[in-house]
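Here the structure is laid out as structure tokens; the discussion comes afterwards.
Values reported hereafter were calculated over all heavy atoms of this structure, with side chains retained and with hydrogens, waters and symmetry mates removed. So that the names make sense, note that chain A is the first sequence line, chain B the second, and so on, each numbered from 1.
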Amino acid sequence: MHEERYINSEIIPILEERDVVICRQACREWARRIGFNLVDQTRITTAASELARNIHEYAGAGEVIIQEVEDETRRGIKITFQDQGPGLDDVEEAMKEGYTSHKGMGMGLPGSKKLMDEFYIQSEPEKGTSVTIYKWLPI
Amino acid sequence: MVITNQLEIIKELASIGTAIIRERTINTICQMVAEAVVDHTAFQRSVVSLLEKDNTFNRIGFGGLTPEQTQKLKKIPRSTAEEKEANLRDEFLISQSYYIPHDKTQLDGLKSEREYDETAEWHPDDFLFIPLYDPAKRMIGMISVDDPRDGKRPTPISLLPMEILANLAAVAVENINNLKKMEDTLRKLREQQKVVMELSTPVIDIWEKILVLPLIGTVDSVRAQQIMENVLLKISATESSVIIIDITGVPVIDTLVASHLIKTVEAVRLIGAETIITGINPEIAQTLVHLGVDLKEINTKANLARGIETALKLTNRKVEEIQ
Amino acid sequence: MVKKRPSLASRRESVIQRIPILKIRNYLIIPIQIDLDDLSAAQLQKDILQKIDKTGAQGVIIDVSVVEMIDSYLGRILGETARMAALMDAKVVLCGMQPAVAITLVELGLSLEGVHSALNLEGAITMMENILGE
Ligand SMILES: Nc1ncnc2c1ncn2[C@@H]1O[C@H](COP(=O)(O)OP(=O)(O)OP(=O)(O)O)[C@@H](O)[C@H]1O
Ligand SMILES: [Mg+2]
């Protein structure tokens, strides 16, 4: 991966329903401040909403770290969603469009991947899940 | 003894130098240099200034000064390059620095608040400047220092650490300036690219509530995404109800572009307007069907004229021939 | 710099937010003016269906012009509501969706099939009168 520098960050706990809204609003605010246009702000906010909801829904609690990030050539936003919940048995399966263990649409993980420039997921059953997404300002 | 001491200092300066060169803002660089002078040389006060575009020396880094002294100093009008040059005469040159005794100059500085020590060689109103040069040997700034702990006048040896610092600072500043220039060029390039991009997806307002986008040339996924954004923003800004996308000028389409096209149609529908696609050539028709792209949801017309006819109908208007 | 939001203990309990539902002639107008959490969105669905049942409304206009994002959950709620309302013989028209929201929605993979859309409230009312007038 690239060498990164973090300019600023914020941590948002996800403990209840309302925190999903607080988290996505914070992400929009960060995206706006970093300089993303309205469409990118909306992409970022929507991806954040999906992933924060997954924490609330499947792990019960966790936290979201929003960071303004830069490497040698680009500046952007990095958001990490982490929990110590049940984790995923089969990450590959969960990334498939339409896969849901509950009665969702199975849109959250694959959808937020499509909205962002980079998407990384790590998960271990019984240990928890961590999803990291990036969006870079257009060059 | 003296020499080993100097060596130690130079070693320390080298490590400070590495830190300075890594720094990314000019202000921090100047501040680090000013502090390094006070910490590692005989001089207890230092100011680092850079030559600005308006040809004045801007004081940026301050070492060994109280906040009040710094404020006071900032209020003194900046000296110009010409004023400085008039004073930087060869007769004052020691090594690469200029030592100007108090009785030989009209330069204004911060008055030393120290008692004047009759026995010392250094007079509180003496000036010592260590210039910063760019690779073309043009002066880009300077370090000015005062109040030597030993009360001595500078010598080539005692000046050495400061001159090393000055050279390092010059390199660091130069690096940042080059970086800025590169970024500026890059930004300009990007702006030009944006203009080209917009020109290549011109959404035309042909009639009240009807827009036309004549696509010409190959469409890649970056341009396809740009098209989607332009189309939607234009519809929303003009409150149009129909957009005709004419692809007569597009030779080929791949899956990715086809799927972008369909997304555009869907997004247009979501904001409350309709898309008509015209000018699908045989190759594209074949590709779309072979790719399994579902076009039944999409309103297609053979050519732009028929597309416009349909658009007028959709907006409750029609074209009639005048006899 | 790392800011940490105040811990939850100091925040109030989650409350379901209710959206007002207006009735004009034989249809309903629902302006969504707030950023809905999931519980409030689910509640809105219930409220709309109940209101259709109580008033016999034949149409529903949902004004989303100030909604800044529609994710899979809210998208699903809107799509479902339209299908459920259809089963109760009421048509749903969405209006005012922002371009950025529409783009994101289709990129996410949702297209709210079966839902009618209008550019703005005025257009939605005209559309509704047309649909109901037939
Ligand atoms: N943080 C998590 N911890 C444990 N399991 C998770 C987590 N996030 C997702 N999953 C699992 O991955 C599956 C797919 O998630 P995804 O968000 O794509 O769809 P969904 O939540 O089921 O439906 P939708 O998001 O469309 O409402 C989930 O059903 C769940 O089983
Ligand atoms: Mg989900």
A:Met105 to C:Leu110 - nearest heavy-atom pair and separation: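 Closest approach of A:Met105 to C:Leu110: CE-CD2, 3.7 Å.
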
Over all atoms of both residues, closest heavy-atom pair of A:Glu17 and C:Asp38: OE2-CB, 2.9 Å

Just wondering, more than 12 heavy atoms not from [X] lying within 6.0 Å of its [atom1]?
X: A:Gln122; atom1: CD; value: no
X: A:Gln84; atom1: CD; value: no
X: C:Glu122; atom1: CD; value: no

Chain C interface, residue from A:Arg28, A:Lys113, A:Gln67, A:Gln25 that has the most non-hydrogen pairs under 4.5 Å: A:Arg28

Residue list, side-chain contact (heavy atoms from CB on, under 4.5 Å) with A:Lys127, at least two apart or on another chain: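 Testing A:Lys127 for side-chain contact (heavy atoms from CB on, under 4.5 Å), a comparison that skips the adjacent residues, returns A:Glu124.
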
Rounded distance (nearest 0.5 Å) linking atom OG1 of C:Thr104 with atom NZ of A:Lys114: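 Result: 12.5 Å between the selected atoms.
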
Atom pair CG (A:Leu115) and CD1 (C:Ile103), whose distance is rounded to the nearest 0.5 Å: 11.5 Å

Contact listing (chain C partner; residues 37-51 of chain A; heavy atom under 4.5 Å): A:Leu38, A:Val39, A:Thr42, A:Arg43, A:Thr45, A:Thr46, A:Ser49, A:Glu50

Structural part of C:Leu105 lying under 4.5 Å from a heavy atom of chain A: neither

Pairwise side-chain contact, C:Asp37 with A:Val20, heavy-atom cut-off 4.5 Å (strictly under):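 Side-chain contact under 4.5 Å: no.
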
ring-ring contact (aromatic ring centres under 6.0 Å, His included): pairs with one or both residues in residues 47-103 of chain A, sequence neighbours excluded: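 Only A:Tyr58-A:His102 qualify under ring-ring contact (aromatic ring centres under 6.0 Å, His included).
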
Chain A-proximal positions within residues 62-85 of chain C [heavy-atom distance under 4.5 Å]: C:Glu68, C:Met69, C:Ile70, C:Asp71, C:Ser72, C:Tyr73, C:Arg76

